[in-house]
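Data block below; observations after.
Position 1 is the first residue of the sequence, and the numbers go up from there. Since this is a predicted model, take the numbers as computed values, not measurements.
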Amino acid sequence: MYVNWAGVADAVGLFLICIGTVFTVIAAVGMLRYPDLLSRQHIATKPQVFSVIMFLLGVILLVRENSITWTLLAVIAFQLVSSPISAHMMSRAGYRAGHVRKNELVIDELGEDMGASTGREA
């Protein structure tokens with residue numbers, strides 16, 4: 001029995017691109033639906049990074065060229081490294097700018113830390 005591995009790679013690549021597209025739509029709907037900064041920050045980073053990874057893995061399977069594969073793997077690695085850091089920094093900036101509903105936070109560790117560093121309560 002002969003298995004056409006190129007056809008299997010094409011089918012899996014197309015499936016991964018479709019999964020990435022679905023998660024991008026989920027992230028877009030979440031951005032419209034969630035009301036506050038921290039919820040939007042969460043929906044902008046978690047499913048969006050997953051969708052970019054799925055999309056790029058799908059492209060890797062469809063294209064199957066070494067130079068493109070290594071470039072896209074580097075992009076995936078950069079996404080995994082930079083997304084949590086940028087989300088953290090944007091959330092801190094939004095908190096300090098007063099765009100966070102502090103009454104909806106269960107635990108406000110940043111407010112406690114900011115109050116302790118200035119010598120007053122947040």
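Heavy-atom minimum distance, Ile43 versus Ala27: O-CB, 3.7 Å. When all heavy atoms of Leu37 and His99 are compared, the closest pair comes out as CB-O, 3.7 Å. Nearest heavy-atom pair across Ala44 and Met31 is CB-SD, 3.8 Å. Smallest separation of non-hydrogen atoms from Thr24 and Ser51: OG1-OG, 3.1 Å. Residues Gln41 and Ser86 share a closest heavy-atom pair of NE2-O, 4.5 Å.
Remark: of the listed residues Leu72, Thr71, Leu16, Ile68, Leu72 is the sole one forming a side chain to side chain contact (heavy atoms under 4.5 Å, CB included) with Ile60.
No continuous path of hydrophobic side-chain contacts links Phe50 to Leu14 [ILVMFWY only; heavy atoms under 4.5 Å]. Using a 4.5 Å cut-off between side-chain heavy atoms of Ile, Leu, Val, Met, Phe, Trp and Tyr, with links allowed through other members, Leu56 and Leu80 fall into the same hydrophobic cluster. Hydrophobic clustering (ILVMFWY, side-chain heavy atoms < 4.5 Å, transitive): Leu62 and Trp5 are in one cluster. No continuous path of hydrophobic side-chain contacts links Phe15 to Val25 [ILVMFWY only; heavy atoms under 4.5 Å]. Met90 and Val52 end up in different hydrophobic clusters when Ile, Leu, Val, Met, Phe, Trp and Tyr side chains are linked at under 4.5 Å.
In this structure the side chain of Val63 never reaches within 4.5 angstrom of the side chain of Thr69, judged on heavy atoms. For the pair Arg40 and Pro35, the minimum side-chain heavy-atom distance is 4.5 Å or more. The closest side-chain heavy-atom distance from Tyr95 to Leu38 is not below 4.5 Å.
In summary, the side chains of Asp36 and Ser39 do present a donor paired with an acceptor at a separation below 3.5 Å, with no hydrogens or angles considered.
How far CG of Leu73 is from CD1 of Ile53: 10.5 Å, rounded to the nearest 0.5 Å.
A salt bridge links Asp10 to Arg64: at least one charged side-chain nitrogen sits closer than 4.0 Å to a carboxylate oxygen.
Remark: Lys46 fails to qualify as a cation-pi partner of Phe23 under the 6.0 Å distance and 45° angle criteria applied to the six-membered ring.
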task: Please test Met54 against Ile17 for side chain to side chain contact (heavy atoms under 4.5 Å, CB included), starting from the C-alpha separation and ending with a verdict.
output: CA-CA 6 Å; Met54 291 297 108; Ile17 289 174; over 6 Å; no
